[in-house]
Amino acid sequence: MNAAINESLIRDVVEEVLGRLGGASLAAGNPTPAQAAPSGGGPEGMPAASGGARGRFGVFQDASEACVAAQEAFEQLSEKGVAGRNKVIQLIKEICHANAAEWGRLELEETRIGRLDHKIEKLKGLRVVPGVEFLNPFGLSGDHGIALEEYAPFGVIGAVTPSTHSIPTMACNVISMAAAGNAAVFNPHPGAAKCAVKAARVFNEAIHRELGIENLACIVETPTLESFRAIAQSEQIRLLCVTGGPGVVKAAMQSGKRAVCAGPGNPPVLVDGTGCLERAAQCVIFGAAYDNNLLCIGEKEVFVLDSVFDRFMAAMEKHGAVRLNEAQVERLTKAAFVFPAGQGAGCPHPVVSRELIGRDPAVLAKVAGANIPSGTQLLFAETSADHLFVDEEQMMPFIPIVRVKSVEQGIAEARKAEHGYRHSAIIHSRDVGHMTEMARALETTLFVKNGASVAGLGNGGEGYPNFSIATTTGEGICNPKTFTRVRRCVMVDNLRIF
Ligand code: NAD
């Protein structure tokens, strides 16, 4: 064990013990709440959380206790008005920015998936996640008076976050949910829970220090399916927001609670040859290599017109991607997909190997038996349209490229590969007719034209980012409005000034 890991472990243990003893913290060199607050209460005389929730700073073993504590925090936030919400958002953004390098490293060490540079970038990029300003009320006036429709909070929201971006998803959710006046309880992915717990504790300590609210963004320290069920069944939870694959989406939708579901994707790309092939290749490499292809919006398979296929493949190589041959693809495929016991290659649903998800291209190349230059960002190869790498959401820095005879065939194959998730798709084209045809056929939540997939979340394109894209339930890229109830206030009178 090296000195840095040793120090980080010791720090975690000390924090844990201090946290249980009454909430002192070593995080980011800030004064501990005990130093900042008069004894027996929150800062500036604010009451701290009641009973058993005191000193937890959002971190709970028991999901039901977390829900009760979050309800109290929601009521406290309501008292703080819009200024309180703005403060929370400012704190989360500043903390994520300041801790991006350390938290990116922690998340990578815990999950062993993705790339450090992009994990850091994702945390720094939260600065532009929208806040309270997103909630413009809708006003009506007429002969009978005025009406105002306001975006009101739900209360406490139960949230589930993925292993692919644990802290960034939680932070985005806290910003959007608190902007709308809500509190939250998180059930993180068990394989990415330690880093999320650490971040949640730092968030809550800062919010407590500034606003006297101790448990606004609660988290279950040891998340399980049971703790998810406890959250989903809690009477305090008014809404669920889940980000993940098909399993959690199904569980949320069967829970009986209203659920915002940011579900799986398998984004196809179509290159029709009417646009710049060099740019298309650069965009595919950037998007598919981002965080080793962990992003749900990331390019997962490419369909290229036969007439430009060879030129596109050459452009991919020119811009640094490494092409695998047939035998190498076969070796990689055998290692990447595991068939449940007793089922052969005809099994409709192989499991994508956790050993290879989000791993570096060098790891994949070794499995494939290929030598690649250091610093290679992406591997690629020609495959058939029905190849497992096309059909399954594989989340690896290897992208299959499929030759198609026509735009119509390309769109049909892209639609098939997308599986009706209605998540994301990309086209490289200068033909507006092709763009419209593909958009209509796939009906995806995000549709990027002539850019990398990440342009859909504001990285190189217009639009705000968020790591929860509510595809299954249709709310789209989550923002503060996603977490509101619309309430109409009507005044009947002769109020018009004209
Ligand atoms: P995952 O589905 O394995 O886990 C996601 C979360 O759901 C985890 O916290 C997990 O513990 C929980 N979970 C899984 N099954 C559950 C069940 N039956 N009941 C309750 N909770 C359950 O996914 P992952 O590997 O962490 O993340 C990758 C998946 O998430 C991909 O499918 C990706 O497309 C999707 N994703 C979607 C978005 C989006 O915004 N639409 C964002 C990120 C990831």
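The shown structure was predicted, so the numbers you read here are calculated from the model rather than taken from an experiment.
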#### Entry: Pairing residues for K366 by the salt bridge (Lys or Arg N to Asp or Glu O under 4.0 Å) criterion, not counting sequence neighbours
none
### Query
With sequence neighbours left out, what residues match E278 under salt bridge (Lys or Arg N to Asp or Glu O under 4.0 Å)?
K318
Say whether, by atom type as modelled, one donor and one acceptor occur between the side chain of [X] and the main chain of [Y] under 3.5 angstrom.
X: N325; Y: A327; result: yes
X: E210; Y: V88; result: no
X: H189; Y: S163; result: no
X: D291; Y: G114; result: no
X: E110; Y: C195; result: yes
X: N450; Y: G275; result: no
X: N292; Y: P361; result: no

### Task
Quick one: do K405 and D306 satisfy salt bridge (Lys or Arg N to Asp or Glu O under 4.0 Å)? Show the steps, please.
CA-CA 5 Å; K405 287 197 169 54; D306 199 12; 5.9 Å; no
### Query
Once the angle between the rings of H387 and F389 is folded into 0 to 90°, is it parallel (under 30°), tilted (30 to 60°) or perpendicular (over 60°)?
parallel
### Message
Going by side chain to side chain contact (heavy atoms under 4.5 Å, CB included), I120 matches just one of L116, D117, L123. Which one?
### Response
L116
### Qualifying residue, where the test is side chain to side chain contact (heavy atoms under 4.5 Å, CB included) with F186 and the options are I231, I219, V197, T169
I219
Atom [atom1] in [X], atom [atom2] in [Y]: separation rounded to 0.5 Å?
X: I207; Y: E205; atom1: CD1; atom2: CD; result: 10.5 Å
X: R85; Y: L135; atom1: CZ; atom2: CG; result: 7.0 Å
X: E301; Y: N266; atom1: CD; atom2: CG; result: 4.0 Å

Between side-chain atoms of residues 467-482 and protein atoms elsewhere (two or more places apart, or another chain), which donor-acceptor pairs fall under 3.5 Å?
unit_1	atom_1	unit_2	atom_2	d
S468	OG	N173	ND2	3.2
S468	OG	T243	OG1	2.7
T471	OG1	G263	N	3.1
T473	OG1	C261	N	2.8
T473	OG1	E475	OE1	2.6
E475	OE2	R258	NH2	3.3
N479	OD1	K481	N	2.8
N479	OD1	T482	N	3.4
N479	ND2	Y464	OH	2.8
N479	ND2	I477	O	3.4
T482	OG1	N479	N	2.9
T482	OG1	N479	O	3.0

### Task
Report the C-alpha separation of L332 and L356 in whole Å, then their side-chain angles, then the decisive distance to 0.1 Å, and conclude whether the side chain to side chain contact (heavy atoms under 4.5 Å, CB included) test is met.
CA-CA 9 Å; L332 182 60; L356 293 182; 4.2 Å; yes
### Task
Side-chain contact test, heavy atoms from C-beta onward, threshold under 4.5 Å: evaluate it for E107 versus K122 and give yes or no.
no
### Query
In terms of side-chain heavy atoms, does S429 have a donor or acceptor partner in D431 at a distance below 3.5 Å?
no
### Task
State whether a side-chain donor-acceptor pair under 3.5 Å links R127 with H97.
yes
### Task
Answer yes if the ring centres of Y151 and F138 are under 6.0 angstrom apart, and no otherwise.
no
### Task
Would you please test R323 and E382 for side chain to side chain contact (heavy atoms under 4.5 Å, CB included) and show each step?
CA-CA 8 Å; R323 186 172 183 168; E382 179 173 1; 4.2 Å; yes
